[in-house]
Amino acid sequence: MNYRKMGSLPWEVSALGFGCMRLPTSGIIPLVNERTAIEIIRYGIDRGINYMDTAWMYHMGQSEKVLGRALAGGYREKVKLVTKLPMIFVRKTADFERYLDEQLARLQTEYLDIYLFHMLNQVNFDKMKKLELLAKMEKARDAGKLRHIGFSFHDTLPVFKQIIDFYPWEMAQIQYNYMDTGVQATTEGLQYAHAKGIAVVIMEPLKGGQLASPPAEAQAIIDQAPVKRTPVDWALQFLWNRPEVACVLSGMGSMKMVEENCSSAERSGIGSLTDEENKVIDTLAETYRQKIIVPCTSCHYCMPCPSGVNIPQNFALLNNKSFLRVGKFSGKIVQWMVSRNYRHLAKNSRQLAENKENGRASLCTKCNACVPKCPQKIAIPQELEKVAAVFEKGKKIASLQG
Ligand code: SF4
Ligand code: SF4
């Protein structure tokens, strides 16, 4: 494993961090497959990962509990443990202790290495100030319940700078990948935070897995590149190449992913990509941008939907369909499989009763309950209309592509 500077903190962090938001699951209402999850988490630590990231909301609370059990038996001492205050659920100042104490119990630990305000945007930032939650953070730090203070971010560059300038943060977690250099915190925000000595940790390096499954045009660029890499490796090396990046989180759900990502991390280095390789990445980004219809990262923050719509799954199917190679026989088979997957989503209340939270786009009642929860600011009901139009009314996907 390669290790990197963690901003101004007095320890080094593994280039790869273990994100626990996409642990292996099984069942229709997905439950974390605990045995496999513990196995892959411990394997990652044995390979040198020393940074574990989770949150109250991940896997509806199961992530913190499973991680706590995975870190028993000596693993806790080998890692920096990070979780997040769920800002969208916090209503009053006293909620701070309630969540922190419950999270420490779930994680079976006396202290957190870093505690983050989860999902700071303008609304949550204003709430953080109004409820004086930073004072609570500092008090908890003085009491030994946490060591460093940070935040995870989902908004635009001006809001990011406002937050950065507000407090001497020790760490910031941002969404960044080779397609998102100009959205959310952007490259400018990454450099801004780094220049202030703040450790910047990257989430969504694969844009919710989208950069792992390239459309045919992007795969052709990868196949012709001067260096042979997988799509995932290209995306990760892009990040590790940058001096401003401390650690890259990957939400790993299988032993194969841990194995491959650890191997990538071992080959990583600041400034290690050539101009030619950087050009490959620029071309890949442009190709993806022309294909992706909905920038959903499958974070599940919008779930559950009161009408049972499986929002991320509907968007994933639409994006998958937009990637497919039209005209090739193999592409037609995959097209058919994507459409079949859509048909398998519940289409009425009877099917929903059997298949909870797995409904298709046309079940959306446009209640808008999901919209403020989406960090990507996706107009979910309107985008779901497009999904229904393509899969249920035969609208041509090309008419939706940029
Ligand atoms: S707007 Fe549609 S998808 Fe969103 S919560 Fe309401 S019914 Fe569900
Ligand atoms: S629609 Fe938004 S909140 Fe829902 S899964 Fe996608 S990115 Fe996350």
Side-chain angles (χ1 to χ4, degrees), residues 19-23 25 29-30 53 55-60 63 84 86-89 118-124 152-156 173-177 179-180 183-185 202-213 249 251 253 288-289 292-322 341-342 345-349 351-353 355-392 400:
C20 297
M21 75 184 291
R22 294 190 175 95
L23 293 171
T25 57
I29 306 169
D53 169 83
W56 174 272
M57 294 156 67
Y58 295 172
H59 292 287
M60 294 183 185
S63 173
K84 314 180 186 84
M87 287 302 292
I88 60 171
F89 298 143
H118 197 178
M119 212 170 134
L120 281 198
N121 51 22
Q122 188 72 64
V123 172
N124 287 336
S152 69
F153 178 77
H154 287 289
D155 208 317
T156 54
Q173 184 172 314
I174 63 168
Q175 171 176 325
Y176 192 72
N177 53 64
M179 269 190 66
D180 284 339
V183 297
Q184 300 239 352
I202 304 299
M203 60 182 154
E204 301 293 2
L206 305 178
K207 206 168 170 57
Q210 292 175 36
L211 304 186
S213 324
L249 295 175
Y288 265 104
R289 275 188 204 110
I292 279 182
I293 294 174
V294 188
C296 171
T297 61
S298 282
C299 67
H300 281 71
Y301 293 168
C302 54
M303 296 288 281
C305 154
S307 301
V309 179
N310 186 337
I311 301 168
Q313 180 63 15
N314 277 278
F315 291 153
L317 290 175
L318 187 70
N319 284 334
N320 281 348
K321 195 169 171 74
S322 75
N341 286 345
Y342 186 81
L345 295 174
K347 64 178 175 197
N348 53 38
S349 51
Q351 290 184 353
L352 261 186
N355 205 353
K356 283 195 186 71
E357 291 176 19
N358 212 16
R360 55 175 63 180
S362 51
L363 291 176
C364 172
T365 57
K366 301 188 173 43
C367 72
N368 280 330
C370 54
V371 176
K373 297 183 198 161
C374 177
Q376 310 303 326
K377 300 191 184 309
I378 295 169
I380 294 173
Q382 288 74 23
E383 296 300 325
L384 285 172
E385 259 181 23
K386 293 181 190 168
V387 179
V390 167
F391 286 106
E392 298 182 41
L400 302 176

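Atoms within a ligand are numbered from 1 in the order they appear, just like the ligands themselves. Keep in mind it's a predicted model, so treat the numbers as computed, not measured.
With hydrogens left out, the protein atom closest to atom 4 (Fe) of ligand 2 is C302 SG, 2.2 Å, a heavy atom. At the shortest separation from atom 6 (Fe) of ligand 2 among protein heavy atoms lies C296 SG, 2.4 Å. Of all protein heavy atoms, the one lying nearest to atom 7 (S) of ligand 1 is T365 N, 3.4 Å. Nearest protein heavy-atom contact of atom 2 (Fe) of ligand 2 is C374 SG, 2.4 Å. Atom 8 (Fe) of ligand 2 has as its closest protein heavy atom C299 SG, 2.3 Å. From the protein, the heavy atom lying nearest to atom 3 (S) of ligand 1 is L384 CD1, 3.5 Å.
Every atom of ligand 1 is numbered from 1 in the order shown, and the set under 4.0 Å from a heavy atom of P381 is 1 (S). Each of the following atoms of ligand 1 lies closer than 4.0 Å to a heavy atom of S307: 7 (S). The contact set between ligand 1 and C305, taken as ligand atoms under 4.0 Å from a residue heavy atom, comprises 3 (S), 5 (S), 7 (S), 8 (Fe). For ligand 1, the atoms lying closer than 4.0 Å to a non-hydrogen atom of I311 are 3 (S). Close approach of ligand 1 to C364 is summarised as follows: ligand atoms under 4.0 Å from at least one heavy atom of the residue are 1 (S), 2 (Fe), 3 (S), 7 (S). Counting the atoms of ligand 1 from 1 in the order shown, those under 4.0 Å from a heavy atom of P306 are 5 (S). Atoms of ligand 2 found under 4.0 Å from any heavy atom of Q376 (numbered from 1 in listed order, with element): 7 (S). Close approach of ligand 2 to I380 (heavy-atom distance below 4.0 Å) involves ligand atoms 1 (S).
Residue contacts with ligand 2: P375 is included, with a non-hydrogen atom under 4.0 Å away.
To the nearest 0.5 angstrom, L363 atom CG is 7.5 Å from N348 atom CG. Separation of atoms CG (N121) and CE (M87) is listed at 9.0 Å; rounding is to 0.5 Å. Atom OH of residue Y342 and atom CD of residue E392 lie 3.5 Å apart, to the nearest 0.5 angstrom. Atoms CE and NZ, on M119 and K373 in that order, are 9.5 Å from each other to the nearest 0.5 Å. The structure places NZ of K386 at 9.0 Å from CZ of F315, a figure rounded to the nearest 0.5 Å. Note that the CG atom of N177 and the CG atom of L206 stand 8.0 Å from one another [nearest 0.5 Å].
Contacts with ligand 2 closer than 4.0 Å are made by backbone heavy atoms (N, CA, C, O) of H300 only, the side chain lying farther away. Counting heavy atoms under 4.0 Å from ligand 1, residue N368 touches it through the backbone alone.
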- Message: With side-chain contact (heavy atoms from CB on, under 4.5 Å) as the criterion, how do M203 and M21 come out once you've worked through the C-alpha distance, each side chain's angles and the decisive distance to 0.1 Å?
- Response: CA-CA 11 Å; M203 60 182 154; M21 75 184 291; over 6 Å; no

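Residue I378 is tested with L384, I311, V294 for a side chain to side chain contact (heavy atoms under 4.5 Å, CB included); the sole match is V294. The side chain to side chain donor-acceptor pair (under 3.5 Å) test with H154 is passed by exactly one of Q173, Q184, E204: Q184.
Using a 4.0 Å cut-off between a side-chain N of Lys or Arg and a carboxylate O of Asp or Glu, K377 and E383 do not qualify as a salt bridge.
Looking at N314, its side chain does come within 3.5 Å of a backbone N or O of G359 through a donor-acceptor pair.
In summary, C367 places an N/O/S atom under 2.8 Å from atom 6 (Fe) of ligand 1, meeting the contact criterion. Using a cut-off of 2.8 Å, one finds that C370 contributes no N/O/S atom close to atom 8 (Fe) of ligand 1.
Ring pair H118/Y301 is perpendicular by interplanar angle, where above 60° counts as perpendicular and below 30° as parallel.
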